[in-house]
Amino acid sequence: MKIIDIVVPAYNEVESIPAFHKEVQAVAETLPDYRFEYIFVDDGSSDGTRELLCKMAAADDCIKYISFSRNFGKEAAIHAGLSHAYGDMVILMDADLQHPPALIPEMVRTVDIEGYGACGAKRHPKLSSRMFAGLNNKMSSVKLQKGATDYMCMSRAFVDAVLKLAETQRFTKGLFAWVGFKVKWLDYVQNPREHGKSRWSLRKLFLYATDGLTAFSVVPLRLLTIIGAIVSLLAFIYIIVTLVKTIICGIDVPGYVTTLCAVLFLGGIILLGMGILGDYIGRIYLESKKRPLYILEETNIEKPDEQGKR
Ligand code: UDP
Ligand code: MG
């Protein structure tokens, strides 16, 4: 019997988890050829999620949980879940039931019978998501699917490939695209969240998007070189023109405005360039520390892998 691991990152989801488990279990029972196991990753919740998971795990040996010492973020939780999943397939789902469990049978069929590397769910992309994916796909060789979510059923090979990517700053959507494989996308309509609130603000989305760009592409650096080249060329032409004009007509006006414009414009470009450079240097700095992705505080998995390493 093939085993399917359901990996669920959960941050303060004590209200959602019982309903989530019930609904997914109802779908799982329609697939008697597979054994479903749950790996809940409590990402440092403070609302009793850990205690709930501990209780649920004691009552049902298909339920495993991992609990972090603090909130390390969803990307770390996903990595922890994936690296503790030993099933033939892994399904990654949010705990808030925004990812409809009804898609599971088709996802499993796509991966197990049709032989796809993974089957993901995508929803109608919001403007921000379309813009981000469009910009990313222009700049990076890793192409993102518009409207793609983390709700995905992955084959063993896909999971192993994702786990081979050892970077500590993980942009999961990009990693999933980077590993390649044939991926089928199912459309779905997202339910609103019933309990708690979403962690996304506009500011976080912006940071996430720039993170995604710098994580997978050095095109911003190349753009800087190009902008620098264009500005130098324009400046050079302007210098020649001004020189010729000065020689022919003599010096007419003091040139206060042109000087000011040039200084401000170049100042802006230099600062922008420093910002972009700084972004990459910051990434190198963080990556070079080689800190573990998370600290595992409690789990019912017998031999949990050593903190984030496999
Ligand atoms: N989550 C997490 N760690 C965090 C934030 C969120 O593990 O720091 C989990 C959360 O419990 C949920 C999933 O990630 O299961 C998606 O989070 P959310 O619903 O807030 O995001 P959205 O659906 O708005 O993208
Ligand atoms: Mg959600």
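We count residues from 1, following the sequence as given. Keep in mind that what you see is a predicted model, and the values were worked out from it rather than measured. Whatever order the structure lists them in is the order used to number ligands and atoms, beginning at 1.
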### Message
Tell me the contacting part of Val8 for ligand 1: side chain, backbone, both, or neither, using a 4.0 Å heavy-atom threshold, strictly below.
### Response
neither

### Query
Does the N or O separation between Asp96 and ligand 1 drop below 3.5 Å for any pair?
yes

### Message
Keeping Thr299 on the side-chain end and Tyr65 on the backbone end, is there a donor-acceptor pair under 3.5 Å?
### Response
yes

### Task
Check whether the side chains of Asp60 and Tyr38 place a donor and an acceptor atom closer than 3.5 Å, and report yes or no.
no

### Message
Closer than 4.0 Å to some heavy atom of Ala95 - which atoms of ligand 1 meet that?
### Response
15 (O)

### Task
Report yes if Pro9 has an N/O atom closer than 3.5 Å to an N/O atom of ligand 1; otherwise report no.
yes

### Query
Given that the side chain starts at C-beta and the backbone is N, CA, C, O, which of these parts of Asp43 lies under 4.0 Å from ligand 1, counting heavy atoms, or is it both or neither?
side chain

### Query
Can you tell if the side chain of Arg109 reaches within under 4.5 Å of the side chain of Leu31, non-hydrogen atoms only?
no

### Query
Is Glu13 touching ligand 1 with its side chain, its backbone, both, or neither, if touching means heavy atoms under 4.0 Å apart?
side chain

### Query
Are the side chain of Asp42 and the backbone N or O of Thr49 linked by a donor-acceptor pair below 3.5 Å?
no

### Gln98 versus Tyr151, side-chain donor and acceptor atoms under 3.5 Å
no

## Note on the structure
In this structure, the Mg ion (ligand 2) sits at the vertex of an angle between OE1 of Gln98 and OD2 of Asp96 that rounds to 10° as 100°

### Query
For the side-chain contact (heavy atoms from CB on, under 4.5 Å) test, which of Phe72, Phe68, Tyr294 pairs with Val41?
Phe68

### Task
Enumerate the atoms of ligand 1 whose separation from the nearest heavy atom of Gln98 is less than 4.0 angstrom.
19 (O), 23 (O)

